[in-house]
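Scroll down for the structure; my scribbles are underneath it.
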Amino acid sequence: MLLSAFLRGGAPLIKAGAGLIAITRPVSPSVNQCQLTHLQPNPINFEMATYQHEEYVSRLQSLGLNVISLPIEPELPDSVFVEDCAVVFNECAIITRPGADSRKPEVPSVAKALQSHRHLFFIEEPGTLDGGDVIVAGKNVYVGLSGRSNQEAIDQIQNYLELYGYTVHGVKITECLHLKSAATLIGPSTFLVNPQWIDASQFGQSKIITVHPDEPNAANAIWIADNLLVFPSAYPLTAEKLKHLGYLIAEVPADELAKAEGAVTCCSLIFKE
Ligand code: CIR
């Protein structure tokens, strides 16, 4: 891995994303018709959302990731949230069957983009799965039993991944859209968690870091490598805590797409080349 140090915004970061691909897709102009589960409609400024998304993409590029941008999907309001369409492992990828019907047409273009990189497995009816419900921690795969992802999908994932030695765990969450709203992996065995939305004992003996209680949405971070995180700039108290713990933080503006219940992990599919 290339570890060339560089300076941006005064903070020393490392180009730790070399050797990683990130699939992204621009914000759809119909984003205001997005699915909403826990939020009331709040007008999304398309130009601002696009600007913030471009900042996100350029930050991934500056960290060394090879970004593949899929064509815009003007008719699919939630199509910027590519994370929900697939889960990519080192050995294969699982193409999801999103829980919201309006999101199912987002999947084929993501599958097409992945087919030259991984062997593909597909979640079949009656299984439903959003990629935002899946955390891969080594050979443990945690799947949120949310309003979008069901036990049938978990059974199919277990079946596909047994071959590669993974163990799949169904995880209970409350009051949030996806497992990754409540928790993300920020180290080989370290989770950033909002304990109001998940009982972290479900992650076994892992190390747990909690978000600041005033920032319930701050548990969604992208762990690139080593101790480097891509983190939404809207959560300064949790960011400060993480910096004190030794994390390097690449902060990105993400508040416009937060009105669509999206966070930083949702906007990319990141995997080893
Ligand atoms: C939805 O409800 O499906 C979108 N409005 C937000 C999806 C966010 N995706 C994610 O957290 N992985």
Side-chain angles (χ1 to χ4, degrees), residues 22-46 49-50 52-53 56 60 70 73-88 93-107 110 123 128-136 141-150 153 157 171 173-186 191-194 197-198 211 216-223 230-232 234-235 252 254-271:
I23 292 180
T24 64
R25 173 150 48 207
V27 181
S28 168
S30 60
V31 65
N32 274 290
Q33 275 76 60
C34 67
Q35 291 284 333
L36 288 176
T37 307
H38 294 278
L39 294 182
Q40 292 302 313
N42 184 2
I44 299 166
N45 180 320
F46 170 66
T50 296
Q52 293 188 348
H53 187 262
Y56 171 87
L60 294 180
L70 301 182
E73 290 277 12
E75 311 296 329
L76 300 178
D78 283 304
S79 53
V80 65
F81 302 124
V82 289
E83 172 183 61
D84 292 317
C85 296
V87 186
V88 187
I94 295 179
I95 304 302
T96 67
R97 186 169 173 272
D101 285 344
S102 69
R103 302 208 54 194
K104 290 182 171 74
E106 298 172 24
V107 169
V110 173
I123 298 297
T128 62
L129 182 73
D130 281 11
D133 275 320
V134 184
I135 298 176
V136 183
V141 180
Y142 298 95
V143 185
L145 282 158
S146 69
R148 300 286 177 87
S149 302
N150 62 19
I157 296 169
V171 173
I173 55 172
T174 52
E175 295 174 53
C176 61
L177 181 60
H178 288 131
L179 173 59
K180 282 192 189 170
S181 319
T184 49
L185 190 74
I186 60 166
F191 290 81
L192 178 61
V193 165
N194 173 354
W197 294 345
I198 188 166
V211 299
N217 290 302
N220 187 274
I222 301 175
W223 174 49
V230 177
F231 194 76
Y235 307 118
V252 287
D255 43 308
E256 207 58 32
L257 285 177
K259 296 177 192 170
E261 294 189 33
V264 289
T265 64
C266 327
C267 293
S268 57
L269 274 165
I270 295 178
F271 54 92

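The first residue of the sequence shown is numbered 1, and numbering continues consecutively from there. Indexing begins at 1, ligand by ligand and atom by atom, following the structure's order.
Backbone and side-chain nitrogen or oxygen atoms of D130 are examined, and none is located within less than 3.5 angstrom of a nitrogen or oxygen of ligand 1. An N or O contact shorter than 3.5 Å links Q35 to ligand 1 by distance. Below 3.5 Å of separation, one finds an N or O of D84 facing an N or O of ligand 1. At under 3.5 Å, not a single nitrogen or oxygen of L177, backbone or side chain, sits near a nitrogen or oxygen of ligand 1.
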Item to check | From CA spacing to verdict: side-chain contact (heavy atoms from CB on, under 4.5 Å), S28, L76 | outcome: CA-CA 7 Å; S28 168; L76 300 178; 5.6 Å; no
Checklist entry - Does the pair N217 and W197 meet the rule for a side-chain contact (heavy atoms from CB on, under 4.5 Å), with working shown? => result CA-CA 10 Å; N217 290 302; W197 294 345; 3.2 Å; yes
Checklist entry - Is there a side-chain contact (heavy atoms from CB on, under 4.5 Å) between V27 and F46 once you walk through the steps? => result CA-CA 8 Å; V27 181; F46 170 66; 4.0 Å; yes
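A salt bridge between D133 and R148 is absent, with no side-chain N of the basic residue lying under 4.0 Å from a carboxylate O of the acidic one.
Residue A260 has at least one heavy-atom neighbour below 4.0 Å for each of these atoms of ligand 1: 4 (C), 5 (N), 6 (C).
D255 and Q52 share a side-chain donor-acceptor pair at under 3.5 Å.
The side chain of R148, and not its backbone, has at least one atom closer than 4.0 Å to an atom of ligand 1 (non-hydrogen atoms only; side chain from C-beta on). Under 4.0 Å from ligand 1, the heavy atoms of H178 that appear belong solely to its side chain.
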